[in-house]
Amino acid sequence: MDLARFRALFEYTRWANRRLFDQVAALPAAEAERAIGTQFSVPTLKGMLAHILGAEVTWLKRWQGEFPSSLLSGKDFPDLASLRVRWDEHDARMEAFLASLTETDLAREIHYRNTEGKPFRLPLWALLHHVANHGTHHRSEVATMLTIVKGSPPDTGLVTYHLVRSGQMS
């Protein structure tokens, strides 16, 4: 296992989430709340962003031994500003959690329950991968929704992240 790679993966995840969030926040509020289509996992931009956050919040709680029975949704936030505040708070908690881990922790088996209460167990490293991949999947839906609403969104690719971070791209 390589803890540094997981930390870097979550730094990228935070960057990509914020990059798309900023695009959604620049829209008129009604556009962020408008149902774009039932072909999406969640039909609104605000709801999709809340879903991404909700999954991260839920998994972090599970990794810390809690058993949440529900996920956050767009209905939990009156507007994008309140969603952003909660997301910033979560990002700080996630960063602190990742900073506290050791290489040995990655192999630690996490016992958790899904939202229906069914028990499961997997090593932390597999669950970290899952959360990062889950976010990538739903960011692609946000990007598609943004394309429908306003045109092509900013690139959130991993290479772009590294180029921006290294100062080779803005």
ask   = Tell me, do Leu98 and Leu128 make a side-chain contact under 4.5 Å, heavy atoms counted?
value = yes
inquiry  = Are the side chains of Pro153 and Met145 in contact, using a 4.5 Å heavy-atom criterion?
reply    = no
request  = Report yes if the side chains of Asp105 and Trp125 come closer than 4.5 Å at any heavy-atom pair, otherwise no.
outcome  = no
ask   = Going by heavy atoms in the side chains, are Asn17 and Leu49 under 4.5 Å from each other?
value = no
task = Considering non-hydrogen atoms only, spot the tightest contact between Val42 and His51 and give its length.
result = CG2-CB, 4.0 Å
inquiry  = Using side-chain contact (heavy atoms from CB on, under 4.5 Å), reason through Leu80 and Leu27 one step at a time and then give a plain yes or no.
reply    = CA-CA 10 Å; Leu80 285 172; Leu27 296 171; over 6 Å; no
Note, Met94 side chain near Glu56 side chain (heavy atom, < 4.5 Å) = yes
Distance, nearest 0.5 Å, that separates NE2 of His90 from CZ of Phe97 = 10.5 Å
Rounded distance [0.5 Å steps], CD1 in Ile52 versus NE2 in His137 = 9.5 Å
ask   = Does Arg18 pair with Asp22 as a salt bridge, N-O distance under 4.0 Å?
value = no
key: Exercise: identify the closest heavy-atom pair between Leu9 and Ala132   = CD2-CB, 3.5 Å
task = Examine distances only and state if a side-chain atom of Arg113 and a backbone atom of Phe120 form a donor-acceptor pair shorter than 3.5 Å.
result = no
inquiry  = Could you report the tightest heavy-atom contact between Ala4 and Glu103, atom names first, then the distance?
reply    = N-OE2, 4.4 Å
message = To the closest 0.5 Å, what do you measure between CZ (Arg5) and CG (Leu106)?
response = 12.5 Å
Pair Asn133-Thr136, side-chain donor/acceptor within less than 3.5 Å = no
query = Would Tyr112 and Trp63 count as a ring pair (Phe, Tyr, Trp, His ring centres under 6.0 Å) if you check the C-alpha gap in whole Å, the side-chain angles of each, and the deciding distance to 0.1 Å?
reply = CA-CA 8 Å; Tyr112 66 96; Trp63 300 336; 9.8 Å; no
query = To the nearest 0.5 Å, how far apart are CD in Glu95 and CZ in Phe10?
reply = 12.5 Å
request  = Determine whether Leu122 and Phe6 fall in the same hydrophobic cluster, where Ile, Leu, Val, Met, Phe, Trp and Tyr are linked whenever their side-chain heavy atoms lie under 4.5 Å apart.
outcome  = yes
note = Closest non-hydrogen contact found for Leu83 with Leu53 is CD1-CD2, 3.6 Å
key: Step-by-step side-chain contact (heavy atoms from CB on, under 4.5 Å) determination, Ile110 to Trp59   = CA-CA 10 Å; Ile110 303 294; Trp59 281 108; 5.8 Å; no
ask   = Counting N and O atoms only, with roles assigned by atom type, does the side chain of Arg7 sit under 3.5 Å from a partner on the main chain of Ala99, one being a donor and the other an acceptor?
value = yes
Heavy-atom donor-acceptor pair, Arg19 side chain to Asp155 backbone, under 3.5 Å = yes
task = May I ask you to check whether His130 and His134 show a side-chain donor-acceptor distance below 3.5 Å?
result = no
task = Take Ser41 and Glu141 through the test side-chain contact (heavy atoms from CB on, under 4.5 Å) and record every step on the way to the result.
result = CA-CA 8 Å; Ser41 301; Glu141 290 186 297; 2.9 Å; yes
request  = State, yes or no, whether a side-chain contact exists between Thr156 and Tyr161 at a heavy-atom distance under 4.5 Å.
outcome  = no
task = Indicate the atoms forming the closest heavy-atom contact of Pro154 with Gln23, along with that distance.
result = CD-CG, 3.2 Å
ask   = Is there side-chain contact between Leu72 and Phe77, with at least one heavy-atom pair below 4.5 Å?
value = yes
query = What's the shortest heavy-atom distance between Ala143 and Leu20, and which atoms?
reply = N-CD1, 4.5 Å
task = With the side chain counted from C-beta on, respond yes when Pro43 and Ile36 share a heavy-atom pair under 4.5 Å apart, and no when they do not.
result = no
query = Glu11: what forms a salt bridge (charged side-chain N to carboxylate O under 4.0 Å, His left out) with it, not counting sequence neighbours?
reply = Arg165
ask   = Between Arg108, His129, Glu109, which is the residue that forms a side-chain contact (heavy atoms from CB on, under 4.5 Å) with Leu124?
value = Arg108
Same apolar cluster: Val142 and Leu71, side chain cutoff 4.5 Å = no
query = What do the steps show when you test Leu60 against Arg93 for side-chain contact (heavy atoms from CB on, under 4.5 Å), and what is the final call?
reply = CA-CA 9 Å; Leu60 179 58; Arg93 283 194 279 284; 3.9 Å; yes
key: Set of salt bridge (charged side-chain N to carboxylate O under 4.0 Å, His left out) partners for Glu66, sequence neighbours left out   = none
message = Nearest 0.5 Å, please: how far is CG in Leu127 from CZ in Arg121?
response = 12.5 Å
request  = With rounding to the nearest 0.5 Å, note down the distance linking NZ in Lys46 to CD in Glu33.
outcome  = 3.5 Å
